[in-house]
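Encoded as structure tokens, the structure appears first; notes follow it.
The basis for the numbers below is simple: all heavy atoms, side chains too, and nothing from hydrogens, waters or symmetry mates. These figures come from a predicted structure and were not determined experimentally. In the text below, chain A, chain B and the rest are named by the order of the sequence lines, each starting its count at 1.
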Number of protein chains: 2
Amino acid sequence: MKTYREENYLKAIYQLASHDKTRTVSPTDIAHWLELKPPTVLEKLGILVKKGLVTYNKFDGAKLSPKGNEVALNIVRRHRIWETYLYKQLKFSWSEVHEIAEQLEHVNSEKLIDRIYDVIGRPDFDPHGDPIPNKQGKLPKSDRRPLSESIKGCKCVVLGVSEHSELFLNYLTELNIRLNDKLVVEQINSYDDTLKLSSKNNETVLMSSKAAQQIQVQCVKPNCACK
Amino acid sequence: MKTYREENYLKAIYQLASHDKTRTVSPTDIAHWLELKPPTVLEKLGILVKKGLVTYNKFDGAKLSPKGNEVALNIVRRHRIWETYLYKQLKFSWSEVHEIAEQLEHVNSEKLIDRIYDVIGRPDFDPHGDPIPNKQGKLPKSDRRPLSESIKGCKCVVLGVSEHSELFLNYLTELNIRLNDKLVVEQINSYDDTLKLSSKNNETVLMSSKAAQQIQVQCVKPNCACK
DNA sequence: ACATAAAATTAGGTTACCCTAATTTAGAGT
DNA sequence: ACTCTAAATTAGGGTAACCTAATTTTATGT
């Protein structure tokens with residue numbers, strides 16, 4: 001339990017890297033993410049480098065080593081398993097589970113994780129729609145992509161969200177968009193990429209490009225023009 | 001979660017005090033219990049005193065203030081609720097739950113504790129037989145007392161144990177003594193207080209006074225001569 | 001009462017994490 | 001190339017929790 005700060009650094013690097021794969025993960029990014037200051041992060045990066053969990057230089061930023069990646073994915077695994085357990089077994093709401101799972105993910109008992117993973121039926125995805133890595137740190141396959149990459153006419157199903165803030169989740173609730181909902185992209189505004197969507201019950205909603213980037217979907221038709 | 005060390009100090013003081021109510025809780029006792037060194041404990045005691053959670057002087061030892069007691073009992077509550085949950089819901093063995101509950105007890109979510117407490121049926125006692133304090137820090141009533149206080153001929157039922165080490169729990173398993181077993185005290189050796197006990201299925205076992213002190217029982221007959 | 005063992009306390013040090021306030025280095029625009 | 005800004009880094013501290021090695025008290029046995 002004393003190593004939970006280290007776990008949080010590794011998880012942060014993982015999350016920042018997967019959030020935007022094009023940019024490097026800078027000390028400033030990590031500091032912002034963990035609500036710390038850059039010198040603090042820099043210091044810790046030095047320690048993580050020495051431990052062989054991370055590589056760092058100012059041009060490439062921080063990168064997880066294979067060992068660091070394994071640790072990070074294990075935490076992600078625990079987090080998502082707990083989220084699912086809280087949601088499915090203990091009837092917490094979608095927006096409540098994250099904060100509690102942030103704590104539970106650091107509880108060190110493989111047997112406990114195995115047990116609750118069994119109870120929830122060993123799913124590949126958590127209630128947010130995020131993939132649950134296996135023990136070896138491998139992610140299950142899927143064709144998930146951001147809704148923002150859809151083209152006009154695409155019919156797709158909501159698999160998850162990339163942002164888990166209450167603000168965002170409540171925003172989706174207001175738009176009446178839920179996990180597994182099917183959406184049709186009616187129009188894409190060519191000026192600001194705002195999407196006009198219609199959902200199953202023929203409600204039509206407008207969604208900003210910013211929000212659409214955070215929604216993970218999969219095309220319903222296997223030969224959909226979206227790639 | 002960062003305050004878990006403090007929680008552990010308070011819990012240690014509580015446990016040491018309830019373990020032997022006659023003796024004072026010394027820094028050395030606490031150090032031994034938490035696997036720390038006396039100066040470390042002394043330093044922390046100063047902080048706890050300053051925070052109004054504990055009183056301390058070398059003659060009376062460490063004592064929980066009302067506020068400190070409330071915090072300690074809340075941790076005990078969480079610990080025992082988790083133990084029960086792990087045992088009853090997640091099918092962990094009696095000897096496994098303690099270690100995991102040691103970690104889970106520090107997870108800070110009243111709603112989570114409430115939820116799992118509901119799931120296990122809001123019991124007054126945990127699977128060890130230990131009482132679960134309510135939210136106000138009150139312990140449920142019972143006539144529990146150590147088996148070592150029994151007199152010859154007493155018939156009593158095992159409600160719990162005061163020691164939770166694997167060593168001790170395995171010892172009980174070997175003697176084939178379980179929670180809720182009924183025992184009859186056949187003889188008490190007047191030299192070393194060793195007990196000769198017979199259990200329901202007429203097995204006879206010898207038990208040291210040391211072990212008997214750790215077993216909590218209740219007389220079966222309301223007018224039993226044990227007091 | 002006195003030696004001696006044990007416990008409490010003091011002194012001084014370490015490591016992990018976190019900070020603010022410079023300073024240096026990169027990057028971006030002109 | 002030059003300037004200006006933002007990011008990275010260095011310098012210098014602080015606190016919490018630990019520790020070991022004295023030193024001082026307190027208890028204890030004879």
Side-chain angles (χ1 to χ4, degrees), chain A residues 1-13 15-17 19-20 22-64 68 71-72 75 102-103 105-106 108, chain B residues 1-13 15-17 19-20 22-64 68 71-72 75 102-103 105-106 108:
Chain A
M1 191 90 88
K2 100 192 64 164
T3 135
Y4 78 97
R5 286 160 214 262
E6 192 157 299
E7 291 181 340
N8 279 151
Y9 276 98
L10 296 173
K11 190 174 58 142
I13 295 169
Q15 289 173 327
L16 288 167
H19 192 269
D20 180 349
T22 61
R23 237 192 29 232
T24 63
V25 177
S26 69
T28 306
D29 291 338
I30 299 171
H32 187 72
W33 189 255
L34 295 178
E35 297 183 87
L36 297 171
K37 302 297 172 185
T40 304
V41 171
L42 203 62
E43 185 184 43
K44 186 68 185 178
L45 281 179
I47 293 166
L48 293 174
V49 166
K50 215 175 294 172
K51 288 193 178 181
L53 295 165
V54 162
T55 59
Y56 174 72
N57 67 60
K58 84 180 79 167
F59 303 108
D60 302 326
K63 284 196 164 83
L64 294 171
V71 175
I75 302 155
E102 282 289 303
Q103 295 185 61
E105 72 191 8
H106 300 294
N108 181 35
Chain B
M1 190 90 86
K2 97 192 70 166
T3 135
Y4 79 98
R5 288 161 212 259
E6 192 157 299
E7 292 181 342
N8 279 152
Y9 276 97
L10 296 172
K11 191 174 60 144
I13 296 169
Q15 288 173 327
L16 288 166
H19 191 267
D20 180 349
T22 64
R23 234 188 37 230
T24 62
V25 177
S26 69
T28 307
D29 291 339
I30 299 171
H32 187 72
W33 188 255
L34 295 177
E35 298 183 87
L36 298 171
K37 301 299 173 185
T40 304
V41 171
L42 203 63
E43 185 183 44
K44 185 67 185 180
L45 281 179
I47 293 166
L48 294 174
V49 166
K50 215 175 292 171
K51 287 192 177 181
L53 295 165
V54 162
T55 60
Y56 173 72
N57 67 61
K58 84 179 78 167
F59 304 108
D60 302 325
K63 285 196 163 84
L64 294 171
V71 176
I75 301 153
E102 281 290 302
Q103 294 186 62
E105 71 190 8
H106 300 294
N108 181 35

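Here D/dC18 presents its C1' atom at 15 Å from CG of B/Asn8, a figure rounded to the nearest Å. Counting to the nearest Å, the C1' atom of C/dA8 and the CG atom of B/Asp29 are 12 Å from each other. Summarising the geometry, the separation between NZ on B/Lys37 and C1' on C/dT9 is reported as 16 Å, rounded to the nearest angstrom. The CG-P distance, from B/Leu45 to C/dA8, rounds to 10 Å in whole Å. Straight-line distance from the NE2 atom of B/His32 to the P atom of C/dA7: 11 Å, rounded to whole Å. If you take NZ of B/Lys44 and C1' of C/dT10, they are 20 Å apart, rounded to a whole angstrom. In this structure, the CG atom of B/Asn57 is 14 Å from the C1' atom of D/dT25, given to the nearest Å.
Using a 4.0 Å cut-off, some side-chain N or O of B/Thr40 falls inside it from OP1 or OP2 of D/dC19. Within the 4.0 Å cut-off from OP1 or OP2 of C/dA26, at least one side-chain nitrogen or oxygen of A/Lys58 is found. Contact annotation: B/Tyr56 side-chain N/O to C/dT9 OP1/OP2 distance is under 4.0 Å. Residue B/Tyr9 places at least one side-chain N or O under 4.0 Å from the OP1 or OP2 atom of D/dC18. Side-chain nitrogen and oxygen atoms of A/Thr28 include none within less than 4.0 Å of the OP1 or OP2 phosphate oxygen of D/dA7.
Side-chain contact between B/Leu64 and B/Val71 is absent, with no heavy-atom pair separated by less than 4.5 Å. When side chains are defined from C-beta on, A/Glu6 counts as touching A/Lys51, because their heavy atoms get closer than 4.5 Å. Taking 4.5 Å as the limit, some side-chain heavy atom of B/Tyr9 sits within range of a side-chain heavy atom of B/Leu34.
Annotation: of the two residues near DNA chain C, A/Glu43 and B/Leu42, the 5′-most nearest-nucleotide partner is B/Leu42.
For B/Phe59, counting side-chain heavy atoms from C-beta on, the closest listed nucleotide (D/dC18, D/dT26, D/dT20) is D/dT26. If you check D/dC19, C/dA8, C/dC19 against the side chain of A/Leu36, the one that comes closest is C/dC19. Closest contact between the side chain of A/Pro39 and the listed nucleotides C/dA8, C/dT10, C/dC19 involves C/dC19.
Using a distance-only test at 3.5 Å, with no hydrogens or angles considered, no donor-acceptor pair links the side chain of A/Asn8 to the main chain of A/Arg5.
Minimum interatomic distance between B/Val41 and B/Pro27 (heavy atoms only, all atoms of both residues): CG1-O, 3.8 Å.
Across all strands, A/Ile47 comes closer than 4.0 Å to no nucleic acid atom at all (heavy-atom distances).
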